[in-house]
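Chain naming here is simple, since letters A, B, ... match the order of the sequence lines and numbering starts at 1 in each.
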There are 2 protein chains.
Amino acid sequence: MIREEILMTNKRSVGVRAGPRRVTISDVANHLGISKGTVSRALNGYPDISEGTKLRISRAAERLGYHPLSHAQAIRTGRVRSLGLVLQIDSEDSARPFLADFLGGVTQAASDENWTVTIAAEPTEERVRKTLSRLVDEQKADGFILPRTLKQDGRVTTLLNANVPFVMFGRTEDSRECAWYDVKGEDAMRAATTRLAALGHTRIAHIPGGDQYYYTQLRIEGYEAGLKAAGLAFDPALLAPEAMTRRAGAAAFGELMALPEPPTAIVCAVDRAALGVYRGANARGLRIGREISVIAYDGVPEGAYADPGLTTFAVNSQQAGERLARLLIERIRGADPEDLRELAPATLVERGSDKAPALSSTELAQRLNDQHEIKNV
Amino acid sequence: MIREEILMTNKRSVGVRAGPRRVTISDVANHLGISKGTVSRALNGYPDISEGTKLRISRAAERLGYHPLSHAQAIRTGRVRSLGLVLQIDSEDSARPFLADFLGGVTQAASDENWTVTIAAEPTEERVRKTLSRLVDEQKADGFILPRTLKQDGRVTTLLNANVPFVMFGRTEDSRECAWYDVKGEDAMRAATTRLAALGHTRIAHIPGGDQYYYTQLRIEGYEAGLKAAGLAFDPALLAPEAMTRRAGAAAFGELMALPEPPTAIVCAVDRAALGVYRGANARGLRIGREISVIAYDGVPEGAYADPGLTTFAVNSQQAGERLARLLIERIRGADPEDLRELAPATLVERGSDKAPALSSTELAQRLNDQHEIKNV
DNA sequence: TGCGGCTCCGAAACCGGTTTCGGCAAGAAA
DNA sequence: TTTCTTGCCGAAACCGGTTTCGGAGCCGCA
């Protein structure tokens, strides 16, 4: 009815698209016989518009189906109502299985506020930084979510210098001026360790994550705290080399099994390393959940299909995405980054990889030794 | 040097961000002492600018580091230089494992042309349509990539009516006016069938995909063509009920094994169904690659970790994303949709699930029957 | 009655680009 | 020499919004 009138009076094709023209702010203004400046101020909640006209205007806008064009607003305000996300997608990307959930969370939260998400993906760290700079230069987004934060992160420097709002997924060494969301991996490692100790394990090892991540340090501390709580001494030999992949996990497991007093249980900083432990154990005829117990962290889907299922502390990626988006929007709206920090717990998913030890460390060493001799004969 | 001058002369803070001001088109014009209209036309390749000044202008723009603001351009041109992508992310999303690769492909191609990707995700078909409409209304993207196209797809209607360019990932029943990219699943099914026949299988079944997808029909035809090429008769009993999930795959397998003449080999339209076959075979004491052979399609990562590895026809998702982005950009630039259609082959990944039959169909039936009786006793 | 202050809104400038229109100058045709 | 093109560019309008500025009313108060 009303919408029709407007569409009839200024039917005209714009660009390639034919179709009926959008309802603009001028249409609303003309329809009410007032100036478009007033309409703009009313819709943006300026205080110098009377409540009466504010109501008239918002009702008319609603009826006519007026929605401002974010890029038309942006030219004056500098804000495009979009969140930026530059992913690093490489071959060993541990975040890959969580991507869908994470994106779901981010975009849902953005949609709720009528924002959009601008995304890019690059294979290397350097290209990520370049693309990030480009997006900042061209004002494609009002702020950025930084996944996979490193201990010292170049992206942070870039964005701080450019004075562009951002939120990190994961803490860094120096978090001043930074907003972040993180999961308490250290608590998970601690709980994993005490849990294994309660099952009767006394030789509990830890396979940490990559050194470039701050969380690696935190998780090691969590592991040590768990040992302490269980009354076990920390043995540096049980702190394996770092492993972020299946292959590296298997290698780390090999080193642990070569020890004079090998561990009967292993806490892994990431699921992929744990799946490497499965492989290594398999190759040595050791059964997970019997001779070797494992608890890991992340919650990758493969863990559920492994045999036995991998007991792990799962991260809720969708929630992480959602919270990060909301924090970022608040940040863009001017909130103090120091007030925008959140820690969430990981959830224990009990499957079959953590049981009481079938063999003591000594017996395990004996058995590995026997195998070795058999092979050599 | 030159850049510095400009930055010094008009240093002024805009909005929240402090930082030095961007270089605008006026800066370039003033620096050269010409009008900004001329600069714009030169940079956009209008024919009424002499080659000499074109060169001067593009060089100056380069030196000053001028990049036009896409949203400032958009207000006049209606083009934001962005590709839209609305994902449907639900629990049984088969596309999930490919998402990272796919996004990588799309964003790479977009970046190459200095475009961006605007993304959204919704859990249901209806919400996808709503979000799509919103993005169209607000001109957040110049065109859309439609993944997971259905036989009859509401999104297509929406976009055709709104006269907004789009490209489909997958063909539909009626592809008029549509650009698309697809993988030759029918060829893969045909090759899988002849391959199994060549290994000595004579009872080869097919577990098709969901009826809502057009490819399901195509793949069934491919399967039938394979039978024909191998000189085998088509037996309707060997066309199992559809299966898109592990659970449904196991159920379909159950029905096939209940047949008087059960198949010794199965061609699955999707990997997930094949993994369900693994589960079903396992439960019946049948070994994949021995009593039962399987070849599937998709290339999900779990297939590599299954035991034995799943032989499958893998789709190159990154390439798909890249091609789709390029096709869409061409479409937005005005190319005829009929000229924008591409078919890519799937790649056979040989693992261990397809071997010569260890048992004939009759022997298999006998064995299943024995088991059944044992159970019942 | 005059004056100051406050509320509320219109007019117009502005943001950073694009596009239309018209005119000047040089070369070609008459 | 005059006229008609043609090539090339400046001036200004325009896109759809936001924001500044000022002024018209209305009120209260001296």
Side-chain angles (χ1 to χ4, degrees), chain A residues 6 10 12-17 21-57 60-61 64-81 114 137-140, chain B residues 6 10 12-17 21-57 60-61 64-81 114 137-140:
Chain A
I6 290 179
N10 53 17
R12 186 199 43 180
S13 65
V14 170
V16 178
R17 307 181 188 172
R21 204 175 65 95
R22 273 188 62 257
V23 177
T24 71
I25 196 169
S26 298
D27 294 329
V28 178
N30 292 339
H31 180 254
L32 261 49
I34 59 180
S35 76
K36 62 176 188 170
T38 303
V39 175
S40 172
R41 280 177 315 218
L43 260 21
N44 289 311
Y46 277 57
D48 63 345
I49 305 291
S50 75
E51 287 306 319
T53 46
K54 261 186 189 169
L55 203 63
R56 276 203 311 146
I57 291 175
L64 299 179
Y66 167 66
H67 298 278
L69 236 39
S70 66
H71 55 263
Q73 299 178 301
I75 177 182
R76 193 75 220 268
T77 63
R79 298 267 194 74
V80 289
R81 288 214 314 271
N114 238 298
D137 275 358
E138 304 185 6
Q139 301 184 17
K140 296 288 192 174
Chain B
I6 289 179
N10 52 17
R12 184 199 43 179
S13 64
V14 170
V16 179
R17 307 181 188 172
R21 204 174 67 92
R22 273 188 63 256
V23 177
T24 71
I25 196 170
S26 298
D27 294 329
V28 178
N30 291 339
H31 180 255
L32 260 50
I34 59 180
S35 76
K36 62 175 189 171
T38 302
V39 175
S40 172
R41 281 178 313 217
L43 259 23
N44 289 312
Y46 276 57
D48 63 344
I49 304 291
S50 74
E51 287 306 319
T53 46
K54 262 186 190 170
L55 202 63
R56 277 203 311 144
I57 290 175
L64 299 179
Y66 167 67
H67 297 279
L69 236 39
S70 67
H71 55 261
Q73 299 179 301
I75 178 181
R76 192 75 220 268
T77 63
R79 299 268 195 75
V80 289
R81 288 215 314 273
N114 238 298
D137 275 358
E138 303 185 7
Q139 300 185 16
K140 295 289 193 176

Working to the nearest 0.5 angstrom, can you tell me the gap between Asp27(B) CG and Leu32(B) CG?
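Those atoms lie 11.5 Å apart.
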Nearest-0.5 Å distance that lies between atom CD1 in Ile75(A) and atom CD in Gln73(B)
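Going from CD1 on Ile75(A) over to CD on Gln73(B), the span is 11.0 Å.
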Remember a base hit wins even if backbone is also touched, and classify [X] as base, sugar-phosphate or nothing at under 4.0 Å, heavy atoms.
{"X": "Ser35(B)", "answer": "base"}
{"X": "Ser40(B)", "answer": "base"}
{"X": "Ser50(B)", "answer": "sugar-phosphate"}
{"X": "Ser26(B)", "answer": "nothing"}

From the set dG16(D), dT19(D), dG16(C), return the single nucleotide nearest to any side-chain atom of Thr24(B).
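For Thr24(B), the side-chain atoms sit closest to dG16(C).
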Counting heavy atoms from C-beta on, name the nucleotide in dC15(C), dT18(D), dT18(C) closest to the side chain of Asn44(A).
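My answer, after comparing the listed nucleotides, is dT18(D).
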Using atom [atom1] of [X] as one end and atom [atom2] of [N] as the other, report the distance to the nearest whole Å.
{"X": "Asn30(B)", "N": "dG17(C)", "atom1": "CG", "atom2": "C1'", "result": "14 Å"}
{"X": "Leu64(A)", "N": "dG16(D)", "atom1": "CG", "atom2": "P", "result": "15 Å"}
{"X": "Gln73(A)", "N": "dT19(D)", "atom1": "CD", "atom2": "P", "result": "9 Å"}
{"X": "Arg41(A)", "N": "dA11(C)", "atom1": "CZ", "atom2": "P", "result": "11 Å"}
{"X": "Ile75(B)", "N": "dC15(D)", "atom1": "CD1", "atom2": "C1'", "result": "4 Å"}
{"X": "Asp48(A)", "N": "dG22(D)", "atom1": "CG", "atom2": "P", "result": "15 Å"}
{"X": "Arg79(A)", "N": "dG17(D)", "atom1": "CZ", "atom2": "P", "result": "18 Å"}
{"X": "Ile57(B)", "N": "dT18(C)", "atom1": "CD1", "atom2": "P", "result": "12 Å"}

Would you mind writing out the side-chain donor-acceptor pairs for residues 64-71 of chain A within the sub-3.5 Å range, not counting sequence neighbours?
from     : atom 1 : to        : atom 2 : distance (Å)
Ser70(A) : OG     : Lys140(B) : NZ     : 2.8

Starting from the 5' end of DNA chain D, give me the residue, Ala72(B) or Thr53(B), whose nearest nucleotide shows up first.
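Going by which nucleotide is closer to the 5' end, it is Thr53(B).
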If you assign Gly33(B) and His67(A) each to the DNA chain D nucleotide with the nearest heavy atom, which residue ends up on the more 5' nucleotide?
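Taking each residue's closest nucleotide, the earlier one in sequence belongs to Gly33(B).
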Upstream residue (5' side of DNA chain C) when Lys54(A) and Lys36(A) are each assigned their closest nucleotide:
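Looking at the nearest nucleotide for each, Lys54(A) comes out on the 5' side.
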Between side-chain atoms of residues 37-44 of chain A and protein atoms elsewhere (two or more places apart, or another chain), which donor-acceptor pairs fall under 3.5 Å?
from     : atom 1 : to       : atom 2 : distance (Å)
Thr38(A) : OG1    : Ser35(A) : OG     : 3.0
Thr38(A) : OG1    : Arg41(A) : NH2    : 3.3
Asn44(A) : ND2    : Ser40(A) : O      : 3.0

